[in-house]
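All of these numbers come straight from a predicted model, not from anything done at the bench.
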Amino acid sequence: MVSAGPELISPRSARVSAARRLARRNFRGKERLFLAEGPQAVREAAAHRAGDTATLVELFTTPEAADRYADIVGAARDAGARVHLASEEVVADISTTVTPQGLVGVCRFLDTPFEEILAARPRLVAVLAHVRDPGNAGTVLRCADAAGADAVVLTDASVDLYNPKAVRASVGSHFHLPVAVGVPVERAVTGLRDVGVRLLAADGAGDRDLDEELDKGTMGGPTAWIFGNEAWGLPEETRALADAVVRVPIHGKAESLNLATAAAVCLYASARAQRAAGGSRSVTES
């Protein structure tokens, strides 16, 4: 099937201008809308709802992409999103990628109140404290999703969850698990501790070794990992809030691990320990 020609051909149209502005944080915050680009993110957005409210509001697609991803465009329409056939120039103008894939969705904000996360009694949480790189934030979110975490918390000193680079790096995981944003680190630690979650700060200079903690069997209970800034790690005052400061052991000659890699190691270590303790963390298990 060949779609009709594009309806939107001018980057100067009001509809296109409104979507393009969502690349800027102040407009995202004002409208409580963000952009999701590419087939995977748009597919997840079309399937996501918050109660009775659909997450995907609008979809801009080139005719070629509408044919190639007809199932995604159909799902967007079924979700109630306004679908705009647009020229390649228009989609490229809205997109924040170098090589657009022909699909850009406008989505409602997804963040969950921190109190709701606490009320759900989470067993595995990633806390991003002072994380400033949006690509790293999105990748950690993806790692948390893959490890079966119950939630992610971004502190008020961390990057915007809806930064386009963060959304791309999560590859759809924005739509899979609760994320609280703008939580002061002290509030995050206190709230999680009050619902029985052990706080572990991940730091290369930690006085505890991850392997030793696993061997001692101390990681089977509810756990939140606190991950710090890419360049300078966690400040001393944040490390002091944790129950323990844990390092990922370096067995080879590498100087260190980057943030996302360390987060993946820590989250999967906890997920495995919790499974061994009788709490399933895998969606593939019955």
Side-chain angles (χ1 to χ4, degrees), residues 114 117-118 121-133 135-137 139-159 179-180 183-279 281:
F114 184 49
I117 289 174
L118 297 179
R121 311 289 293 192
R123 287 184 51 78
L124 183 57
V125 180
V127 178
L128 279 63
H130 315 282
V131 174
R132 302 295 176 83
D133 183 88
N136 277 336
T139 303
V140 173
L141 177 56
R142 185 182 183 188
C143 291
D145 181 18
D150 298 301
V152 172
V153 177
L154 275 74
T155 71
D156 53 2
S158 286
V159 71
V179 182
V183 183
V185 65
E186 295 85 356
R187 169 65 182 135
V189 169
T190 301
L192 289 165
R193 185 173 284 131
D194 285 348
V195 295
V197 177
R198 184 183 184 218
L199 279 298
L200 299 180
D203 194 287
D207 56 358
R208 306 275 189 96
D209 181 284
L210 180 62
D211 285 349
E212 293 175 358
E213 292 296 303
L214 286 168
D215 289 344
K216 290 190 295 185
T218 62
M219 296 181 57
T223 302
W225 282 97
I226 307 173
F227 303 109
N229 182 269
E230 297 84 350
W232 37 265
L234 287 166
E236 178 57 38
E237 59 268 26
T238 300
R239 292 196 300 269
L241 295 171
D243 296 305
V245 182
V246 180
R247 67 183 183 277
V248 176
I250 302 294
H251 301 299
K253 296 180 180 180
E255 185 271 332
S256 63
L257 295 175
N258 66 26
L259 171 64
T261 303
V265 171
C266 293
L267 290 165
Y268 269 91
S270 285
R272 181 174 182 178
Q274 289 177 355
R275 286 199 308 274
R281 298 236 55 85

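Distance check, rounded to the nearest 0.5 Å: CG of D145 to CG of D150 gives 11.0 Å. Here the CZ-OG1 distance, from F114 to T155, works out to 11.0 Å after rounding to the nearest 0.5 Å. Between atom CE of residue M219 and atom CZ of residue R198 there is a gap of 7.5 Å, rounded to the nearest 0.5 Å.
The nearest pair of heavy atoms linking I117 to A151 is CG2-CB, 3.6 Å. Across A129 and I226, no two heavy atoms sit closer than the pair CB-CG2, 4.0 Å. In plain terms, the two heavy atoms of D133 and G135 that are nearest each other are OD2-N, 3.0 Å. Nearest heavy-atom pair across A144 and V152 is CB-CG2, 3.7 Å. Minimum interatomic distance between P249 and L210 (heavy atoms only, all atoms of both residues): CD-CB, 3.9 Å. The two residues V153 and A188 come nearest to each other via the heavy atoms CG1-CB, 4.3 Å.
R121 is linked by a salt bridge (charged side-chain N to carboxylate O under 4.0 Å, His left out) to nothing, counting only residues two or more places apart in sequence or in another chain. By the side chain to side chain contact (heavy atoms under 4.5 Å, CB included) test, A202 is found to be paired with W225, F227, C266, residues two or more places apart in sequence or in another chain being considered. R132 pairs by the side chain to side chain contact (heavy atoms under 4.5 Å, CB included) definition with A157, N229, E230, not counting sequence neighbours. Not counting sequence neighbours, D156 has no partner by the side-chain hydrogen bond (donor to acceptor under 3.5 Å, both in side chains) test. Taking T261 as the reference, L257, N258 meet the side chain to side chain contact (heavy atoms under 4.5 Å, CB included) condition, with sequence neighbours excluded. Listed by chain and number, the residues in a side chain to side chain contact (heavy atoms under 4.5 Å, CB included) with K216 are E213, T218 (sequence neighbours excluded).
Under a 3.5 Å cut-off, the side chain of S158 and the backbone N or O of L128 do form a donor-acceptor pair. At distances below 3.5 Å, not a single donor-acceptor pair connects side-chain atoms of Y268 with backbone N or O atoms of C143.
With contacts defined as side-chain heavy-atom distances shorter than 4.5 Å, the pair P222/V195 does not qualify. The shortest distance between side-chain heavy atoms of L154 and V179 falls below 4.5 Å.
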Review item, side-chain donor-acceptor pairs of residues 237-248, under 3.5 Å, at least two apart:
{"unit_1": "T238", "atom_1": "OG1", "unit_2": "H130", "atom_2": "NE2", "d": "3.4"}
{"unit_1": "R239", "atom_1": "NE", "unit_2": "E236", "atom_2": "OE1", "d": "3.4"}
{"unit_1": "R239", "atom_1": "NH1", "unit_2": "L234", "atom_2": "O", "d": "2.4"}
{"unit_1": "R239", "atom_1": "NH2", "unit_2": "E236", "atom_2": "OE1", "d": "2.5"}
{"unit_1": "D243", "atom_1": "OD1", "unit_2": "R193", "atom_2": "NE", "d": "3.4"}
{"unit_1": "D243", "atom_1": "OD1", "unit_2": "R193", "atom_2": "NH2", "d": "3.1"}
{"unit_1": "D243", "atom_1": "OD2", "unit_2": "L199", "atom_2": "N", "d": "2.7"}
{"unit_1": "R247", "atom_1": "NH1", "unit_2": "G206", "atom_2": "O", "d": "2.8"}

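Of the candidates V125, T223, V265, T223 is the only one forming a side chain to side chain contact (heavy atoms under 4.5 Å, CB included) with S270.
Sorted by first and then second residue, the ring pair (Phe, Tyr, Trp, His ring centres under 6.0 Å) pairs with a member in residues 192-214 form an empty list; sequence neighbours excluded.
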